[in-house]
There are 2 protein chains.
Amino acid sequence: MSAPGVARTKVRRHPERGQYDRATIDAILDEALICHVGFVVGGQPYVIPTIHARAGDHVYVHGSAASRMLRTLGAGVPACLTATLLDGLVLARSGFSHSMNYRSVVVLGLATEVTDGAEKLAALEAIVEHVVPGRWAEARLPNEVEMRQTSVLRMPLDEASAKIRTGPPKDAEEDLDLGVWAGVIPLALVPGTPVADPQLRDGIALPEYARSYRIQNRRRTRR
Amino acid sequence: MSAPGVARTKVRRHPERGQYDRATIDAILDEALICHVGFVVGGQPYVIPTIHARAGDHVYVHGSAASRMLRTLGAGVPACLTATLLDGLVLARSGFSHSMNYRSVVVLGLATEVTDGAEKLAALEAIVEHVVPGRWAEARLPNEVEMRQTSVLRMPLDEASAKIRTGPPKDAEEDLDLGVWAGVIPLALVPGTPVADPQLRDGIALPEYARSYRIQNRRRTRR
């Protein structure tokens with residue numbers, strides 16, 4: 001369990017679902033709007049949902065996920081960042097073979113605080129652009145007080161793996177004759193019609209990046 | 001950090017978002033199709049996505065989430081089970097105030113293996129019914145071999161909290177005059193048209209629970 005490198009991220013259950021190439025890993029991290037970050041305090045694991053962004057060979061998280069971790073342990077802490085996309089419900093003929101179609105990434109490593117001002121600002125830009133491309137150029141930039149109130153953590157992508165299930169149910173041969181419907185109910189996270197802030201000033205139009213917001217492939221130009 | 005009871009699950013960042021009543025916690029656990037389970041091996045946290053189900057005062061997970069944990073540590077292990085529902089992207093006028101609308105639950109406690117056969121079968125039924133209500137009665141029941149291959153873990157709901165953000169952006173007063181659109185892009189996980197297994201026998205109709213599948217409120221009759 002404590003072997004270095006890829007050994008810790010090797011997919012053990014359903015090894016046929018494991019993938020280790022960076023293109024696959026990056027695509028999942030880039031599509032997922034949020035991740036779940038795990039860290040340990042006094043032997044107790046904590047798992048916190050948070051917004052992330054990949055930029056190059058690192059993944060960044062900010063704010064609440066960082067706060068308890070940083071307060072407690074300072075510099076670098078062992079962390080696990082997991083991003084999961086749900087693609088469908090797999091209805092098999094046997095209860096045992098029920099599953100889900102999904103794409104997930106697990107990143108293991110040390111989370112360290114970003115202290116360099118320029119890298120921190122770039123990470124915050126990446127996080128906002130990760131969620132709504134085009135937004136950073138319009139929003140008011142953080143001021144000094146806000147920068148101090150925000151903590152940003154960085155994890156390298158050296159130790160990461162993807163796990164993917166696609167396709168129809170995989171029932172045992174002898175179950176195929178059962179009189180039970182089998183197949184997949186696809187799932188997708190879908191944006192609705194934008195709702196303007198009740199305090200929105202008159203005369204401000206809904207921007208195109210919000211009107212035509214897409215979750216999939218929203219970051220084609222990403223580094 | 002090591003204080004017992006509600007202290008560990010108290011929401012510290014944005015305490016106004018914290019909720020501790022079981023009705024709120026149960027509703028989030030019941031709506032979320034999957035959760036992320038965190039556990040620790042040799043000081044390293046691992047966070048694994050998995051299907052769960054609440055039944056009464058416990059939440060159950062099965063399969064892969066359990067396997068590494070169980071192999072490593074046996075009986076009861078400190079775990080954290082987190083379920084998150086994404087409800088919207090919050091576009092504020094300042095980069096700093098960007099957020100998401102979400103509902104999440106964090107459950108802390110010892111995860112223990114379910115060894116009683118009847119409880120284990122009931123947990124597997126709850127897990128399948130959690131995802132697709134009505135499915136368990138149709139699918140082939142697990143046989144002895146499958147039951148041995150499946151591990152089920154149980155966590156009590158004694159130490160749980162919910163965290164919820166709703167509503168429009170909360171920009172600072174002095175930002176309200178900026179010429180920047182602000183509001184919320186709602187998000188929902190939406191089922192698509194069911195896709196039959198290519199190996200499906202002729203003459204088996206798509207069942208009503210799959211044709212009219214709903215994610216929200218799919219478990220009105222839940223204990």
Side-chain angles (χ1 to χ4, degrees), chain A residues 1-2 13 33 36 38-47 49 64 67 78 80 82 84 86 89 93-96 98 104 128 131-132 138-142 146 168-169 175-176 178-192 194-200 204 206-207 210 213, chain B residues 1-2 13 33 36 38-47 49 64 67 78 80 82 84 86 89 93-96 98 104 128 131-132 138-142 146 168-169 175-176 178-192 194-200 204 206-207 210 213:
Chain A
M1 290 299 170
S2 56
R13 290 275 298 202
L33 288 170
H36 284 76
F39 54 96
V40 187
V41 179
Q44 172 66 49
Y46 290 84
V47 177
S64 59
S67 59
C80 176
T82 300
T84 305
L86 266 189
L89 310 177
R93 294 159 185 86
S94 68
F96 182 73
H98 276 68
S104 65
V128 169
V131 178
V132 187
E138 275 198 23
R140 177 178 64 68
L141 294 178
E146 290 169 342
D175 286 335
L176 294 180
L178 293 174
V180 182
W181 188 86
V184 173
I185 302 176
L187 293 175
L189 191 63
V190 173
V195 179
D197 184 356
Q199 296 190 281
L200 187 65
I204 301 181
L206 181 67
Y213 185 75
Chain B
M1 288 299 171
S2 54
R13 290 273 298 199
L33 288 170
H36 284 76
F39 54 97
V40 187
V41 179
Q44 172 66 50
Y46 290 84
V47 176
S64 60
S67 58
C80 176
T82 300
T84 305
L86 266 189
L89 310 176
R93 295 159 185 87
S94 67
F96 183 74
H98 277 68
S104 66
V128 169
V131 178
V132 188
E138 276 198 21
R140 176 177 65 68
L141 293 179
E146 291 169 340
D175 286 334
L176 294 180
L178 293 174
V180 181
W181 188 86
V184 173
I185 301 177
L187 294 174
L189 191 63
V190 173
V195 179
D197 184 356
Q199 296 190 281
L200 187 65
I204 301 182
L206 180 66
Y213 185 74

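Please read all numbers here as calculations on a predicted model, not as lab measurements. Note on naming: letters A, B, ... go to the chains in the order of the sequence lines (proteins, then strands), and numbering restarts at 1 for each one.
- Proximity to chain B (any heavy atom under 4.5 Å) is restricted, for A/V132, to the side chain, taken from C-beta onward.
- Considering all non-hydrogen atoms of both residues, A/V131 and B/L89 come closest at CG1-CD2, 3.5 Å.
- The nearest pair of heavy atoms linking A/L200 to B/A182 is CD1-N, 3.5 Å.
- Nearest approach of B/L187 to A/P191, heavy atoms of both residues: CD2-CA, 4.0 Å.
- The residue among A/P168, A/S94, A/G95, A/A210 with the most heavy atom pairs within less than 4.5 Å of chain B is A/S94.
- In terms of heavy-atom proximity, B/P78 sits nearest to A/G43 at CB-O, 3.8 Å.
- Proximity to chain B involves both the backbone and the side chain of A/L206, based on heavy atoms less than 4.5 angstrom apart.
- Taking every heavy atom of both residues into account, A/I204 and B/L178 meet most closely at CD1-O, 3.7 Å.
- The side-chain contact (heavy atoms from CB on, under 4.5 Å) test with A/R93 is passed by exactly one of B/E138, B/Q199, B/R140: B/Q199.
- With respect to chain B, the highest number of heavy-atom pairs below 4.5 Å among A/A196, A/P198, A/P142 belongs to A/A196.
- Of all the heavy atoms in A/G38 and B/P45, the pair that sits closest is O-CG, 3.5 Å.
- For a residue to count as touching a neighbouring chain, one of its non-hydrogen atoms must lie under 4.5 Å from one of that chain's; by this rule B/V128 touches chain A with the side chain only.
- Contact annotation for A/H36: both backbone and side-chain heavy atoms come within less than 4.5 Å of a heavy atom of chain B.
- Qualifying side chain to side chain contact (heavy atoms under 4.5 Å, CB included) partners for A/V195, counting only residues two or more places apart in sequence or in other chains: B/P186.
- Residues passing the side-chain hydrogen bond (donor to acceptor under 3.5 Å, both in side chains) test with A/T82: none are found, sequence neighbours excluded.
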